[in-house]
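Working notes, structure below.
All values derive from a computational prediction rather than experimental measurement. Letters A, B, ... are given to chains in the order of the sequence lines, protein chains preceding strands, and every chain is numbered from 1. All values below come from the heavy atoms of this structure, side chains included, with hydrogens, waters and symmetry mates left out.
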Number of protein chains: 2
Amino acid sequence: MSLSKNDPIGIFDSGVGGLTVASEVMKRLPGEDIIYFGDTGRYPYGSRSPEIVRKFALQNVGFLSRLGVKSIVVACNTASSVALDVLREKFPLPIMGVVEPGARAAVEATKNGILGVVGTRATIKSGSYNQAIKRLDPKLRVIAKPCPLFVALAEEGWTKGEVAKLIAQEYLHSLKQEGVDTLVLGCTHYPLLRAVIGEVMGRGVGLIDSAEETSKELKELLKKENLLNPRKEGGEYRFLVTDNPEAFLRVGRGFLKGKITKVELVEIERLKGEG
Amino acid sequence: MSLSKNDPIGIFDSGVGGLTVASEVMKRLPGEDIIYFGDTGRYPYGSRSPEIVRKFALQNVGFLSRLGVKSIVVACNTASSVALDVLREKFPLPIMGVVEPGARAAVEATKNGILGVVGTRATIKSGSYNQAIKRLDPKLRVIAKPCPLFVALAEEGWTKGEVAKLIAQEYLHSLKQEGVDTLVLGCTHYPLLRAVIGEVMGRGVGLIDSAEETSKELKELLKKENLLNPRKEGGEYRFLVTDNPEAFLRVGRGFLKGKITKVELVEIERLKGEG
């Protein structure tokens, strides 16, 4: 396999949430072509076993790789947490996740050294944020909390109001008690609940969303690998999903405005052969 | 394909919820062998498109059929709602769902003729309960309401307390206002929230869970097809899932007590070849 500067970047997520990452990549690297793959037919990953998330991730990257991408962004916290190692082992192209960039941003932001992380059950159980933060600074304290209902809330569109607030209070009160001054939103859905999470945590607490940081590190990675597209604008985008392209387009428009006009359906069977 | 009285019954659901149906079948038909298949690797079905639920259902029934079952119970409201027709078209064995038994029980229970149905987005959108009820009695009024957060609540174990109550009030107040006297719990997860749903709806409203009714109708169906196992006890049970057998066993014990001791993992790849 030979990688070229003109090849597209592959970004995958279990669904629509990774578009927050795609959007930042489009802003920072407007000359790059992007193939976004959302595995909506097997979404969500956050409640699944590490074994099957690894298998799905291997299939997704295998599929993107056959489409000729030059690098991969795993824009899903769960897959980044449990599958990054096996992906890097198996595929000879630069692969990055969202956990390390998020961890780095959090480490830079904290003043009192007490960090909180919220995410899916699989992400929190993996301890990936904890490890990434401790690798950067072993003296920091990390308090992690799975918040499975946040995804359901965001999907239902109940991002404000009493139900959202009550659920946020229930999940976050222990983090507040511990005095965290920085909270990593370790799931791509959670930024949709940013307002209510911010309200419950209080003004003194900074909220970290990995998307922006990930786009910065992607640029560095491509530069280092000599794979940055010399073009300064005119990147083209493809969007592929395994179920419900109409729903993806509807929600995706909210994330990407005019940058998404068509969504293609991929049969899950086409993912097989890898993993 | 020749079906025999001694063959097992196949029951499938997207996950663990269909065990409520399996449990009733075990009670009513203690001589029958059962193969229960939970598609936990692609769970949940309730938010997916009808097309992909049909495809998954065809694969699941194809798989059970290759294991030699004599009949199929689709113990998932979503799959019963959108896939029963294509399943019956494709497979030459008796297949039943949970919607018609639930509808029948509700029609028998109502006194004022105003019925409520709650379920996943896919089940409610399909209009399956509405049609099944109207087929039995066109004069009845049916008010249907999707309650997607109920599944997340049940999985989180928040089946009591203020959050559950607030969400139930939010979803159910329109049904209360319309004066329903009977409410179909049209999703296998919802019986776990029976207490809070009952509290919000009030004592005058009867709650219908399809599981018992389904087991009655299954017995009738097997009798009619001359497929009832002559054995009166000693049925043997197998449990197969596509992800996380440990979690399934843990939750399944709550449903089935000593009747579940082992759960086997099936690779999703083995389902292909059908659908």
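Proximity to chain A among residues 165-176 of chain B is limited to L166(B), I167(B), E170(B), Y171(B), judged by heavy-atom separations below 4.5 angstrom. Annotation: residues 247-265 of chain A contacts chain B through no residue [non-hydrogen atoms, separation under 4.5 Å].
By the 4.5 Å heavy-atom criterion applied to side chains, P245(B) and S49(A) are not counted as neighbours.
For a residue to count as touching a neighbouring chain, one of its non-hydrogen atoms must lie under 4.5 Å from one of that chain's; by this rule E246(A) does not touch chain B.
Here the side chain of R48(A) pairs a donor or acceptor atom with the backbone of G41(B) at under 3.5 angstrom.
Of the listed residues E156(B), E51(B), R121(B), the one with more heavy-atom pairs under 4.5 angstrom with chain A than any other is E156(B).
The one candidate from D243(A), N244(A), T40(A) that meets the side-chain contact (heavy atoms from CB on, under 4.5 Å) condition with I52(B) is D243(A).
Remark: T188(A) engages D13(A), T20(A), N77(A) in a side chain to side chain contact (heavy atoms under 4.5 Å, CB included) (not counting sequence neighbours). Residues passing the side chain to side chain donor-acceptor pair (under 3.5 Å) test with E178(A), sequence neighbours excluded: R141(A).
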